[in-house]
2 protein chains.
Amino acid sequence: MVQYVSPPLDLSFAALSDATRRGIIDQLGREDASITSLADKFQMTLTGMKKHVQVLERAGLVVTQKVGRVRTCKLGKRGLKAEAEWIEAHRKLFEARFEALDDIISELNREGRDEPAS
Amino acid sequence: MVQYVSPPLDLSFAALSDATRRGIIDQLGREDASITSLADKFQMTLTGMKKHVQVLERAGLVVTQKVGRVRTCKLGKRGLKAEAEWIEAHRKLFEARFEALDDIISELNREGRDEPAS
DNA sequence: TACATACTGAACCATATAGTTCAGTGTTTA
DNA sequence: TAAACACTGAACTATATGGTTCAGTATGTA
């Protein structure tokens, strides 16, 4: 089996922190697309779209291939496994914390709140 | 039931894109902590740590409360639900894409690669 | 060959991030 | 009351991001 080493979570979470890029992933989930078609769909210059695709590519979420003058973008094979694992592990952490501390938290909520209106 | 509206995914994914901040979440999963203790643990100035905590707070991942001169940080009640949902939904997208296109992809891999060594 | 298409790269802009130092303010404690 | 502690805010630095325009290069087509 080929190993798909995930680039650090820094890169993928940063890539996912932009709505346009999440939209690109959405779109590539439907069909592969050229830079031009993505730029049209997201109302952006070619150059701007190219940068977004590069961010996704550095994160390993998208792969591209140029054939002739067209660069085709598709979802990267490595997927979102590492990200899902981090999120799930820490989701459990959150939950465990609240089971243990539920009463303390509600007590804190009953007390006066810090910085009522900044 | 109280509704915990998640700040946009932009903010939470951006918050998670930094290793120090993921470490802070890790740490708060073990026990609540003051800014000072976190700053010590991550070898950073108080001011620097305060900024990280603010990023996590804006994303709704951490809540803080100041009592006396100590600001205590803990995991936010809203958890990572919205993020987990986005990731899971799109993980399926990735997989579905590869089931459909597995043969096409392996064909593309057999062809010459674009930009062999940049 | 000439034109259109699809991308690419450099340069620029405004804003954000990750960190710092320094000078406070407010709180505890001796 | 004085000193120590915990935080806060302003200001600064260097670098990244999200976008643009403009000037290419390479490819496809009439």
Side-chain angles (χ1 to χ4, degrees), chain A residues 7-25 28 32-59 61-74 111-118, chain B residues 7-25 28 32-59 61-74 111-118:
Chain A
L9 290 177
D10 288 43
L11 288 181
S12 46
F13 282 133
L16 296 178
S17 74
D18 182 274
T20 299
R21 285 193 295 263
R22 290 195 304 276
I24 293 169
I25 289 180
L28 296 181
D32 297 348
S34 66
I35 306 278
T36 297
S37 69
L38 290 172
D40 287 352
K41 193 102 52 186
F42 291 91
Q43 307 223 86
M44 187 176 294
T45 58
L46 264 184
T47 311
M49 180 51 68
K50 177 130 195 286
K51 284 194 186 180
H52 279 303
V53 168
Q54 273 172 342
V55 171
L56 289 164
E57 219 177 346
R58 265 185 269 130
L61 299 173
V62 161
V63 296
T64 73
Q65 207 209 14
K66 193 165 184 177
V67 176
R69 58 186 172 179
V70 178
R71 179 171 295 276
T72 300
C73 311
K74 60 187 73 184
E111 286 180 36
R113 266 165 217 73
D114 184 45
E115 297 156 344
S118 72
Chain B
L9 290 176
D10 288 44
L11 289 181
S12 46
F13 282 134
L16 296 178
S17 74
D18 181 275
T20 299
R21 283 191 296 262
R22 290 196 303 278
I24 292 169
I25 289 180
L28 295 182
D32 298 348
S34 66
I35 307 278
T36 297
S37 70
L38 290 172
D40 286 352
K41 192 103 52 185
F42 292 91
Q43 307 223 85
M44 185 175 299
T45 57
L46 264 185
T47 312
M49 180 51 68
K50 174 128 196 288
K51 284 195 186 177
H52 279 304
V53 168
Q54 273 171 344
V55 170
L56 289 164
E57 218 176 346
R58 264 186 269 130
L61 299 173
V62 161
V63 296
T64 72
Q65 208 210 12
K66 195 166 183 178
V67 176
R69 59 187 173 182
V70 178
R71 178 170 296 275
T72 300
C73 310
K74 59 188 73 184
E111 288 178 36
R113 266 167 217 73
D114 184 46
E115 297 157 343
S118 72

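Letters go in sequence order (proteins before strands), and every chain restarts at 1.
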Least distance between heavy atoms, A/Leu38 atom then A/Cys73 atom: CD1-SG, 4.2 Å
Test salt bridge (Lys or Arg N to Asp or Glu O under 4.0 Å) applied to A/Arg21 - qualifying residues, sequence neighbours left out: none
Where protein sits on nucleotides 17-30 of chain D, one letter per nucleotide: B base, S sugar-phosphate only, - none, heavy atoms under 4.0 Å: -SBBBB----BS--
B/Arg71 CZ to C/dG26 C1', straight-line distance once rounded to whole Å: 13 Å
Partner residues of A/Ser34 under the side-chain hydrogen bond (donor to acceptor under 3.5 Å, both in side chains) criterion, sequence neighbours left out: A/Ser37
Cut-off 3.5 Å, no hydrogens considered: what does the side-chain donor-acceptor table look like for residues 39-47 of chain B, sequence neighbours left out?
unit_1, atom_1, unit_2, atom_2, d
B/Thr45, OG1, B/Gly48, N, 3.1

Rounded interatomic separation in angstrom, taking CG from A/Asp10 and P from D/dT15: 18 Å
With sequence neighbours excluded, residues passing side-chain contact (heavy atoms from CB on, under 4.5 Å) with B/Val63: B/Lys74
side-chain contact (heavy atoms from CB on, under 4.5 Å) involving A/Ala14 - partner list, sequence neighbours excluded: B/Ser17
Heavy-atom side-chain contact between B/Thr64 and B/Val53 under 4.5 Å: yes
Point-to-point distance, once rounded to the nearest 0.5 Å, from CZ of B/Arg71 to CD of B/Glu57: 6.5 Å
Whole angstrom value for the distance that separates P of D/dA16 from CD of A/Gln54: 14 Å
B/Val70, nearest nucleotide to its side chain (from D/dG9, D/dA6, C/dT8): D/dA6
Quick test: give all pairs of protein nitrogen or oxygen and nucleotides 14-16 of chain C nitrogen or oxygen below 3.5 Å, distance rounded to 0.1 Å.
none

Phosphate OP1/OP2 of C/dT8: any A/Lys66 side-chain N/O under 4.0 Å: yes
